[in-house]
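Counting convention: from 1, in listed order, for ligands and their atoms alike.
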Amino acid sequence: MRTSSLAARDERVNWHPYTQMKTASPVIPIVRGEGTYLFDEQGKRYIDAISSWWVTLHGHAHPYIASQVSKQLHTLEHVIFAGFTHRPAIELSERLLSLLPGNQRRIFYSDNGSTAVEVALKMSIQYHFNNGARKLKVLALRDAYHGDTFGAMSVSGRSRWTVPFNDLLFEVVFIDRPSVTNLAAIKQVIDVYAEAVACFIYEPLVQGAGGMLMYEADVLSQLMLYCRQKGILLIQDEVFTGFGRTGQLFAANHLTEQPDIMCFSKGLTGGTMAMGVTSCSEMLYEAFYSSDRYKTLFHGHSFTANPLACAAALASLDLLVNESTQDNIHRICRQHAHFIERIRQHQGIGVTRQCGTIVALEPKESEGTGYFYKDQQRLYHQFLSNGVLLRPLGSVVYIVPPYCISPEDLDLVYEVIETVITQ
Ligand SMILES: *Cc1c(COP(=O)(O)O)cnc(C)c1O
């Protein structure tokens, strides 16, 4: 592969995420994006079948989002959000609250998914503190991923990644992903620790980074109800599942119980700007609403409620609730279902699973190898050379497309997967 001048310059100065810089293959400089496509320096086109780490909802460089952000940029680019406010933040909070489960009443802004989770954890711990209780344990799912900052890392599944930090992470009671068969056993574990547990944090229906691991809405609703009965706050991390990914606007729409706190980022701005949101119920908010200044939530970031990010999020929501986008989401769900039906017959394919617009499968020969699947890099590069950006999580090949992907391009992605895996 010819190394471009941009790639060579990058190699001298940049340190990339989740990348062993010594052994990684050269990065691909992208010079332009348009809809489903990314274009590199040589003009080669890639279908972005993973929405650039699951953030892009409506495609790259969307003209409507661009014009709304541009307008905002010429009006007010930023203002401190302590003691001040602005129309985009007010409108975005009003819009979000009108779409979220009915018990969600307040929006707290931050910068990304990890910070949205940090805020949720601090809200939960301090909720109990402000009410005169000391509860310091967190209940979380094995294989969970909630981000890379320390709190978020603490409540994520322990793995090879966390080994250097394990002794610094806080006390978490890990339970298995719930199913009809293990729910009774999980309840017994909860009974043992319930008194000391502040909150239960979970990725609803799909554990993304853990390998697109999926579980049933019904059993999650039962688990949520049980936690509530035990006085454990519910933090629903919809950083990945939010904004249409599961086929509904939020994973919450599949559930019969409502969480106390919710986290959003990724698709929030349509993938345009970095932004995090933590929403909460009136009960949570009231525990902080006091004439005692020490009951304040002492948390904030320089760029809290950045007006440009708010404008991007408002524009993305306009597009998301649009009938044509909703039609696209439903069409992607149906197309995925047909693909799964077809590919299941295939010799080389092991497990397959789907939740809404998210589809995942594993090559049969990879079974049991998990994140350290030997062929991960080979698959990644073969997908790329076929013009499709897919980035297997170990042995798990998944598609999380932007909603604007055409039926033809989605079929092309399926074909490339089928060819590369079964050849
Ligand atoms: C990606 C992700 C996060 C972390 O978000 P960042 O913006 O990458 O910090 C948290 N929770 C879930 C479920 C995620 O998928």
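Checked against the 6.0 Å centroid criterion, the rings of Y37 and Y46 do not qualify as a close aromatic pair. Remark: aromatic rings of H301 and H299 are close, center separation under 6.0 Å.
When atom types are taken as modelled, the side chain of Y414 and the backbone of H336 share a donor-acceptor pair closer than 3.5 angstrom.
The local environment of OH in Y193 is sparse, with at most 12 non-hydrogen atoms from other residues, nucleotides or ligands closer than 6.0 Å.
Look at R353 and E362 and you find a salt bridge, because one of the NZ, NE, NH1 or NH2 atoms lies within 4.0 Å of a carboxylate O, short of that distance.
Listed as neighbours of ligand 1 are W54, N112, G113, S114, Y145, H146, G147, E203, D237, V239, F240, K266, each bearing a heavy atom under 4.0 Å from the ligand.
Cation-pi geometry between R177 and Y215 is not met at under 6.0 angstrom from the ring centre and within 45 degrees of the axis.
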